[in-house]
Amino acid sequence: MARRYWLMKTEPSAYSFSDLLNAPRKTDHWDGVRNYLARNTMREMKKGDRILIYHSSAAPPHAAGIAEVAREAYPDHTAFDPKSEHFDPKSSPESPRWFMVDVRAIEALPETVSLPDLKSNPKLSKMPLVQRGQRLSVQPVAAAEYREVLRMAGLKKPR
DNA sequence: GCCAACGTTGGC
DNA sequence: GCCAACGTTGGC
């Protein structure tokens, strides 16, 4: 199966692409997704798939870096922890409701690509990200869209 | 801080 | 199963 492409949002004040770059082996688990559609999308991810990491609630919001799927979906243990802000009493180790993947940072984009720039590129008009009202924290990206974002970021060699 | 657009919850 | 109320996301 051909490699696929995805986009994951994060609020940089909570967890930024730099945090991922500085994590051991540049790898971390992506916990806390509590939306069924986003969860289902994560379960489609395969090891080696590429991920655009997007900083939401920034000024301006922007694509910050690229990463890859390091481990495919497995139960999100933060849902089992009553002390976690992502705790969900309806999820249990026996019957997990929420899942996460591990992601590994590949590299920061040479130039971040702002949301206004993404919106003004007609080639990207079909991305859920730029469509009004889309709130998905995990979403698919077409291969051509991925390449276009990398080109806008000044990354000559697609990764 | 505002608020539009959704998703979820719960009464019926 | 419907749908109003409520909560969350996230751009502005």
Side-chain angles (χ1 to χ4, degrees), chain A residues 4-23 28-45 49-69 72-103 105-106 108-142 144-155:
Chain A
R4 296 177 69 186
Y5 303 91
W6 311 95
L7 180 144
M8 292 177 123
K9 295 181 187 173
T10 183
E11 293 197 23
S13 58
Y15 193 95
S16 71
F17 186 75
S18 300
D19 293 330
L20 184 61
L21 270 177
N22 292 326
D28 214 339
H29 52 272
W30 206 264
D31 63 311
V33 174
R34 295 291 180 269
N35 171 283
Y36 288 105
L37 196 47
R39 177 200 71 181
N40 295 346
T41 302
M42 274 201 301
R43 297 184 82 174
E44 290 181 44
M45 293 180 171
D49 283 358
R50 297 301 197 240
I51 305 164
L52 285 171
I53 303 295
Y54 174 84
H55 284 166
S56 60
S57 297
H62 57 273
I66 55 181
E68 68 176 337
V69 178
E72 295 174 13
Y74 61 105
D76 182 341
H77 55 75
T78 64
F80 311 145
D81 178 4
K83 291 191 290 290
S84 168
E85 60 179 321
H86 301 304
F87 175 61
D88 181 354
K90 294 179 184 139
S91 187
S92 68
E94 297 74 35
S95 179
R97 172 175 295 206
W98 303 112
F99 290 79
M100 58 188 178
V101 295
D102 286 355
V103 303
I106 294 177
L109 294 177
E111 304 166 56
T112 61
V113 186
S114 73
L115 182 60
D117 285 350
L118 294 167
K119 279 185 170 169
S120 63
N121 187 332
K123 291 179 183 167
L124 304 178
S125 62
K126 293 218 173 62
M127 290 182 77
L129 184 73
V130 306
Q131 283 171 5
R132 189 166 138 271
Q134 265 293 356
R135 296 280 126 125
L136 266 185
S137 60
V138 180
Q139 49 184 269
V141 176
E145 293 166 346
Y146 179 83
R147 283 192 298 270
E148 180 66 9
V149 174
L150 263 50
R151 189 193 64 73
M152 294 169 78
L155 204 62

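Values reported hereafter were calculated over all heavy atoms of this structure, with side chains retained and with hydrogens, waters and symmetry mates removed.
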Which letters describe nucleotides 6-12 of chain C, given B = protein heavy atom under 4.0 Å from base, S = only from sugar-phosphate, - = neither? ---BBSS

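In this structure, a donor-acceptor pair under 3.5 Å is absent between the side chains of A/Arg4 and A/Tyr146. Looking only at atom types and distance, the side chain of A/Ser91 has no donor-acceptor partner in the side chain of A/Arg34 under 3.5 Å away.
Two residues are said to be in side-chain contact when any heavy atoms from C-beta on lie closer than 4.5 Å; A/Ile51 and A/Trp30 fail this criterion.
Residues passing the side-chain hydrogen bond (donor to acceptor under 3.5 Å, both in side chains) test with A/Asp88, sequence neighbours excluded: A/Trp98.
Panel note: side chain A/Asp31, backbone A/Met100; no donor-acceptor pair is recorded below 3.5 Å.
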